[in-house]
Amino acid sequence: MIDKNNIPASIAIIMDGNGRWATNRMLPRVVGHNAGMKSMKKIIEAADDIGVKHLTVYAFSTENWKRSDTEVNGIFKLLVKYIDSDIQELSEKNVKVTIIGDRSRLSDKVNAKIDYALEKTEANTGMQFNIALNYGSRNEILRAVKTLGEEIASGKLSYENIDEDMISSKLYTGEFNIPDPDLVIRTSGEIRLSNFLMWQLAYSEMIFVDDLWPDFTPEKFYETIEEYQNRNRRFGGR
Ligand code: FPP
């Protein structure tokens with residue numbers, strides 16, 4: 001049973017395994033991403049239902065550009081489709097959407113659609129759903145370092161005054177008020193972080209599950225929350 005008084009406020013998910021899910025069925029990889037999007041929708045609802053405050057998903061990494069044009073375009077088409085089909089319902093559920101990552105490499109069409117989603121949900125006060133797009137943790141840290149460097153060069157900041165909170169505030173997660181995740185989940189049996197929120201995950205519980213992302217159901221999601229709660233209970237204070 002999930003303890004409603006100990007729901008992780010901030011959860012991050014590495015939605016891995018869409019490609020293998022499709023290949024196992026001799027289908028194109030994009031079909032796997034489409035199945036992954038359906039899975040993502042169910043998990044958003046499941047997270048919202050139990051009172052998660054921040055759900056951050058890794059949808060496209062800075063390394064994912066190396067994939068075929070068909071696959072890359074397919075993922076962004078799915079994002080546009082997702083916003084078209086779901087933004088109204090998300091907004092009615094008081095969900096606020098944010099994007100973390102470098103949007104400058106995204107097409108004008110995709111950026112316009114993202115702007116629409118952000119504006120539409122800007123004032124919402126319920127769960128914050130954060131989509132990592134063209135996101136890489138090293139790139140995010142580099143960007144923060146450059147911002148601090150600029151502030152030093154302009155005399156606004158003295159290097160001695162840089163502290164951890166200041167670095168956190170210059171990360172995308174700081175800009176969008178996303179607290180460090182209490183829990184990170186990765187599907188598909190791979191045990192690595194793949195350049196996702198490396199600064200922010202310093203103290204997070206990590207749960208790796210074998211299911212491929214399209215097979216990851218709300219029931220399985222709730223099992224990972226129970227596992228998180230058991231770990232917390234076993235190790236005492238938070
Ligand atoms: C990783 O699986 C998944 C991705 C790189 C894309 C994630 C996209 C979605 C879940 C659907 C679209 C949602 C949005 C918001 C655009 P993989 O392809 O690396 O799987 P593999 O390791 O089996 O090849």
Side-chain angles (χ1 to χ4, degrees), residues 11-48 54-87 89-91 95-103 105-107 109-118 120-121 127-137 172 176 178 184-197 208-218 220-221:
I11 300 181
I13 306 185
I14 303 175
M15 310 183 288
D16 195 14
N18 296 345
R20 275 163 284 168
W21 185 92
T23 305
N24 290 345
R25 289 164 177 74
M26 294 199 284
L27 294 166
R29 294 178 61 86
V30 174
V31 178
H33 295 311
N34 191 45
M37 191 176 73
K38 289 185 185 155
S39 192
M40 185 182 81
K41 288 186 193 190
K42 289 187 201 147
I43 300 302
I44 296 168
E45 200 176 332
D48 190 35
H54 283 269
L55 181 68
T56 307
V57 298
Y58 206 4
F60 195 88
S61 77
T62 47
E63 288 74 33
N64 285 152
W65 297 105
K66 293 183 202 137
R67 298 188 178 195
S68 73
D69 286 354
T70 312
E71 183 171 355
V72 169
N73 293 336
I75 292 174
F76 285 108
K77 268 193 194 152
L78 274 175
L79 175 69
V80 169
K81 187 173 135 189
Y82 171 68
I83 293 173
D84 280 337
S85 64
D86 278 48
I87 203 68
E89 192 185 329
L90 281 180
S91 192
V95 172
K96 176 175 175 152
V97 177
T98 77
I99 302 290
I100 58 170
D102 178 5
R103 286 179 54 193
R105 201 171 158 181
L106 311 187
S107 73
K109 188 181 164 201
V110 169
N111 270 320
K113 192 59 82 177
I114 288 173
D115 282 337
Y116 165 70
L118 301 186
K120 177 115 180 131
T121 62
M127 186 174 80
Q128 195 168 309
F129 175 51
N130 314 296
I131 309 173
L133 276 182
N134 192 22
Y135 173 89
S137 198
Y172 291 114
F176 296 105
I178 305 166
V184 58
I185 302 167
R186 181 173 189 146
T187 56
S188 92
E190 309 287 349
I191 317 233
R192 21 169 216 278
L193 290 181
S194 301
N195 205 12
F196 190 46
L197 303 175
F208 299 92
V209 297
D210 287 335
D211 308 271
L212 302 175
W213 175 250
D215 297 325
F216 191 66
T217 57
K220 288 175 177 163
F221 175 64

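Counting starts at 1 for both ligands and their atoms, following the listed order. As the structure is a computational prediction, the values presented were derived from the model and not from experiment. If you read the sequence from its start, that first residue is 1, and numbering goes on from there.
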### Query
Hey, does Gly17 come in under 3.5 Å of ligand 1, counting only N/O atoms on both sides?
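For ligand 1, there is an N or O atom that lies under 3.5 Å from one belonging to Gly17.
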### Task
May I ask you to check whether Tyr82 has an N/O atom sitting below 3.5 Å from an N/O atom of ligand 1?
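Min N/O separation from ligand 1 is not below 3.5 Å for Tyr82.
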### Query
Between Met40 and ligand 1, which part of the residue brings a heavy atom under 4.0 Å of the ligand: side chain, backbone, both or neither?
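Within the 4.0 Å criterion, Met40 contacts ligand 1 through side-chain atoms alone.
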Distance filter under 4.0 Å to [X] heavy atoms, resulting ligand 1 atoms:
X: Arg29; answer: 17 (P), 18 (O), 24 (O)
X: Leu79; answer: 15 (C), 16 (C)
X: Asn64; answer: 5 (C)

Minimum-distance protein heavy atom relative to [atom]:
atom: atom 3 (C) of ligand 1; value: Met15 O, 3.2 Å
atom: atom 8 (C) of ligand 1; value: Asn18 ND2, 3.8 Å
atom: atom 11 (C) of ligand 1; value: His33 O, 3.4 Å

### Query
Going through the distances and angles, do Thr98 and Asn130 end up as a side-chain hydrogen bond (donor to acceptor under 3.5 Å, both in side chains)?
CA-CA 5 Å; Thr98 77; Asn130 314 296; 2.6 Å; yes
#### Entry: Nearest atoms (heavy-atom pairs only) where Val72 meets Asn64
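For Val72 and Asn64, the tightest heavy-atom pair comes out as CG2-O, 3.6 Å.
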### Task
Identify the heavy atoms of Leu197 and Tyr135 that sit nearest to each other, and give their distance.
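Where Leu197 meets Tyr135 most closely, the heavy atoms are N-OH, 3.2 Å.
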### Query
For ligand 1, is Ala59 a contact, meaning one of its heavy atoms is under 4.0 Å away?
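Distance cut 4.0 Å: Ala59 passes for ligand 1.
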### Task
For Lys38, check side-chain hydrogen bond (donor to acceptor under 3.5 Å, both in side chains) against everything at least two apart and list the hits.
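By the side-chain hydrogen bond (donor to acceptor under 3.5 Å, both in side chains) rule, Lys38 matches no residue at all.
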### Query
Is Asn134 reaching over with its side chain to a backbone N or O of Asp102, donor-acceptor style, under 3.5 angstrom?
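Pair found, side chain donor or acceptor close to backbone of Asp102.
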### Task
Would you please classify the geometry between the Phe76 ring and the Trp65 ring as parallel, tilted or perpendicular, with 30° and 60° separating the classes?
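Parallel, since the angle between the ring planes stays under 30°.
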### Task
For Trp21, enumerate each residue passing the ring pair (Phe, Tyr, Trp, His ring centres under 6.0 Å) test, keeping only those at least two apart in sequence or located in another chain.
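Per chain and number, Trp21 pairs via ring pair (Phe, Tyr, Trp, His ring centres under 6.0 Å) with no residue.
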### Message
Which option wins on minimum heavy-atom distance to atom 20 (O) of ligand 1: Gly32, Gly19, Ser39?
### Response
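Closest candidate by heavy-atom distance is Gly19.
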### Task
Compare Arg20, Glu71, Arg67 and give the one whose heavy atom is closest to atom 19 (O) of ligand 1.
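Answer by nearest heavy atom: Arg67.
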### Query
Does a salt bridge link Glu190 with Arg20, judged by any charged N lying under 4.0 Å from a carboxylate O?
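A salt bridge links Glu190 with Arg20.
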